[in-house]
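In listed order, ligands and their atoms are each counted from 1. Note that the structure is predicted; figures quoted are calculated from it, not measured.
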Amino acid sequence: MSDDETVEEYLFKIVIIGDSAVGKSNLLSRFARNEFNAHSKATIGVEFQTQSVEINGKEVKAQIWDTAGQERFRAVTSAYYRGAFGALLVYDISRRATFDNVARWLDELNSHSDTTVAKMLVGNKCDLENTREVSLDEGKSLAESEGLFFIETSALDSTNVWTAFEIVIREIYNNGKPSE
Ligand code: GDP
């Protein structure tokens, strides 16, 4: 980039939702700090971290919010969703119950956001192939029927984590280049 080019910076909010222990905090820490914590204990309260992605030569910064344990009480507040431009809806491919609950999370997300929110269905823990309970095709077809992006990830071995966030960030950017 040449010196006289204006550097534009975009910042927007993304939320991560899904059942307890599906790996939300670790997806965020892997993306924002390249860290994984095998013994993470959820703390109560909402937290966010930021990470930048370069898109078309522009720095696009995401402020990514983690429920930090609120979902254990099924009490994610509307403030959590407010102003979000994107959402990652996470389940654990080795626990079918977390996939069965995706519909409820999607309902909650839709009741707090409009249709322009970029939504990605994420099947996390794809390193646990031996104990898989949800097939790749089940994830894909649910995403197709609900109009969501879809990806399988592993926060443990880093598979697709960057890509998952990047697709959502790129979609938000292309949808209208938000300035907040
Ligand atoms: P959260 O409650 O959804 O935020 O889930 P955490 O990020 O706290 O993770 C819950 C548990 O799953 C922790 O013991 C993590 O170490 C583990 N975990 C998270 N992501 C992965 C993954 O991709 N693969 C495997 N095998 N374990 C994971």
Checklist line | Short N or O distance, Val22 and ligand 1, threshold 3.5 Å exclusive | finding: yes
Check: Between Phe36 and ligand 1, does any nitrogen or oxygen pair lie at a separation below 3.5 Å?
Finding: no
Notebook entry, point to check: Among the heavy atoms of Asn37, does any lie under 4.0 Å from an atom of ligand 1?
Noted result: yes
Next item on the list: Check the angle between the aromatic planes of Phe12 and Phe85 and answer parallel, tilted or perpendicular using the 30° and 60° thresholds.
Entry: perpendicular
Check: Backbone or side chain, does any N or O of Ser20 fall under 3.5 Å from an N or O of ligand 1?
Finding: no
Check: Does an N or O from Asp127, backbone or side chain, lie closer than 3.5 Å to an N or O of ligand 1?
Finding: yes
Next item on the list: Check ligand 1 against Ala155 and write out every atom of the ligand that is under 4.0 Å from a heavy-atom position of the residue.
Entry: 20 (N), 22 (C), 23 (O)
Note to self: Measuring only between side-chain heavy atoms, which start at C-beta, is Phe150 closer than 4.5 Å to Leu142?
What the structure shows: no
Item checked: Residue of the set Leu88, Val90, Val122, Asn26 for which side-chain contact (heavy atoms from CB on, under 4.5 Å) holds with Thr153 -> Val122
Margin query: Using only atom types and a distance under 3.5 Å, with no angle test, would you say the side chain of Ser29 pairs donor to acceptor with the backbone of Glu35?
Written below: yes
Check: Which is closest to atom 27 (N) of ligand 1 by heavy-atom distance: Arg30, Arg95, Lys125, Lys24?
Finding: Lys125
Check: What are the two closest heavy atoms between Tyr91 and Val134, and how far apart are they?
Finding: CE1-CG1, 4.0 Å
Notebook entry, point to check: Can you list the ligand 1 atoms lying under 4.0 Å from a non-hydrogen atom of Leu128?
Noted result: 26 (N)
Item checked: Closest non-hydrogen atom pair, Ser25 against Asp66 -> OG-OD2, 2.7 Å
Next item on the list: Give a yes or no on whether Leu106 and Tyr80 share a hydrophobic cluster (residues Ile, Leu, Val, Met, Phe, Trp, Tyr; joining criterion: side-chain heavy atoms under 4.5 Å apart).
Entry: yes
Notebook entry, point to check: Counting heavy atoms only, which part of Asn124 comes closer than 4.0 Å to ligand 1: side chain, backbone, both or neither?
Noted result: side chain
